[in-house]
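Below is one structure, written out as structure tokens; the observations come after it.
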Amino acid sequence: MIKKFIFAVSFLMVIAVSAQKKNDYELVTGASEKLRLAMISGEKSVLESLILPELTYGHSGGHIDDAKEFVDKLVSKKSDFVTIDITNQNVQIVGNTAIVRHHLYATTADLGKAPGDVSLDIVLVWVKMKKDWKLLSRQAVKAEKKK
């Protein structure tokens, strides 16, 4: 009887952990999509809701923005994404941390610059805070155009 009880509890725990991982996967991919849309729209409140104050946002050219610079550049259109297409996305969840890798192809209209195209490989680090996933870090590197 005890063996059956232990087996049943173990089985239920495995199912619960598996369901939680699937739910976290969906929440992380959802947060990544909200970030993509917010970077296009430049909506300050949405951008701020998705990031941690400790954000470190690395550009492919080597410059690193903090949370305030990241938001201010998108809101002011100093950094203006007209389109952002994401491909080859991979999500890995380790405890309360998620690593998202993808290819980003975007068209830009940065303030004071000619329209442009960017092709980048990106890594995002998300941290689970209560029930929400918040962006802690982002790093981009220049990539071959994959569109």
Side-chain angles (χ1 to χ4, degrees), residues 8-147:
V9 169
S10 298
F11 181 73
L12 291 174
M13 288 177 64
V14 167
I15 290 174
V17 168
S18 176
Q20 183 61 41
K21 285 230 181 232
K22 182 179 180 189
N23 187 45
D24 281 339
Y25 177 87
E26 291 169 358
L27 291 171
V28 169
T29 56
S32 295
E33 176 62 8
K34 286 179 188 173
L35 178 65
R36 182 187 76 82
L37 295 172
M39 288 175 68
I40 294 169
S41 72
E43 289 183 53
K44 185 176 184 175
S45 62
V46 177
L47 290 164
E48 290 175 337
S49 75
L50 293 168
I51 64 173
L52 288 169
E54 301 85 0
L55 175 71
T56 175
Y57 184 91
H59 294 271
S60 61
H63 181 77
I64 297 176
D65 290 338
D66 62 18
K68 183 178 181 339
E69 290 173 305
F70 164 71
V71 171
D72 289 349
K73 283 181 179 178
L74 290 167
V75 170
S76 70
K77 302 297 184 189
K78 184 175 180 183
S79 181
D80 186 10
F81 289 98
V82 178
T83 65
I84 299 175
D85 296 317
I86 302 295
T87 59
N88 300 326
Q89 184 161 282
N90 179 300
V91 177
Q92 181 181 13
I93 298 174
V94 181
N96 288 335
T97 304
I99 301 165
V100 178
R101 293 180 180 276
H102 58 240
H103 179 78
L104 175 148
Y105 179 81
T107 55
T108 61
D110 296 351
L111 194 64
K113 295 183 181 177
D117 296 322
V118 293
S119 183
L120 304 170
D121 286 323
I122 306 287
V123 63
L124 303 170
V125 178
W126 296 87
V127 178
K128 190 172 188 179
M129 306 297 289
K130 297 182 182 175
K131 293 182 181 181
D132 295 323
W133 288 89
K134 303 288 185 176
L135 187 64
L136 174 63
S137 181
R138 181 259 200 189
Q139 184 60 57
V141 295
K142 292 178 184 168
E144 297 286 324
K145 291 193 178 191
K146 295 182 182 179
K147 188 162 183 179

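- Pairs engaging residues 68-77 under the salt bridge (Lys or Arg N to Asp or Glu O under 4.0 Å) rule: D65-K73, K68-D72, K77-D80 [sequence neighbours left out].
- Applying the ring-ring contact (aromatic ring centres under 6.0 Å, His included) test to every pair with at least one member in residues 69-97, sequence neighbours left out, gives these pairs: Y57-F70.
- Taking W126 as the reference, S32 meet the side-chain hydrogen bond (donor to acceptor under 3.5 Å, both in side chains) condition, with sequence neighbours excluded.
- Between P53 and A67, the closest heavy-atom pair is O-CB, 3.6 Å.
- The distance from atom OH of Y25 to atom CD1 of I93, rounded to the nearest 0.5 Å, is 8.5 Å.
- Nearest heavy atom pair, residue A31 against residue L50, reads O-CD2, 4.3 Å.
- Between D121 and R101, the closest side-chain pair of non-hydrogen atoms is not below 4.5 Å.
- Note: L104 CG to D85 CG = 8.0 Å, rounded to the nearest 0.5 Å.
- Taking NE2 from H103 and CG from L120, the interatomic distance works out to 7.0 Å, rounded to the nearest 0.5 Å.
- For the pair D24 and W133, the minimum side-chain heavy-atom distance is below 4.5 Å.
- Residues passing the side chain to side chain contact (heavy atoms under 4.5 Å, CB included) test with T97, sequence neighbours excluded: V125.
- In terms of the side-chain hydrogen bond (donor to acceptor under 3.5 Å, both in side chains) criterion, residue partners of E33 (sequence neighbours excluded) are, by chain and number, R36.
- With a 4.5 Å cut-off on side-chain heavy atoms, K142 and V118 do not count as touching.
- Listed by chain and number, the residues in a side-chain hydrogen bond (donor to acceptor under 3.5 Å, both in side chains) with Q89 are H102 (sequence neighbours excluded).
- Under the side chain to side chain contact (heavy atoms under 4.5 Å, CB included) criterion, V82 pairs with T107, A109, sequence neighbours left out.
- Under the side chain to side chain contact (heavy atoms under 4.5 Å, CB included) criterion, L52 pairs with E54, V127, M129, K134, L136, sequence neighbours left out.
- Remark: S137 pairs with no residue by the side-chain hydrogen bond (donor to acceptor under 3.5 Å, both in side chains) rule, at least two apart or across chains.
- Residues satisfying the side chain to side chain contact (heavy atoms under 4.5 Å, CB included) test with K44, not counting sequence neighbours, are E48, V71, V75.
- No donor-acceptor pair closer than 3.5 Å links the side chain of T108 to the backbone N or O of D110.
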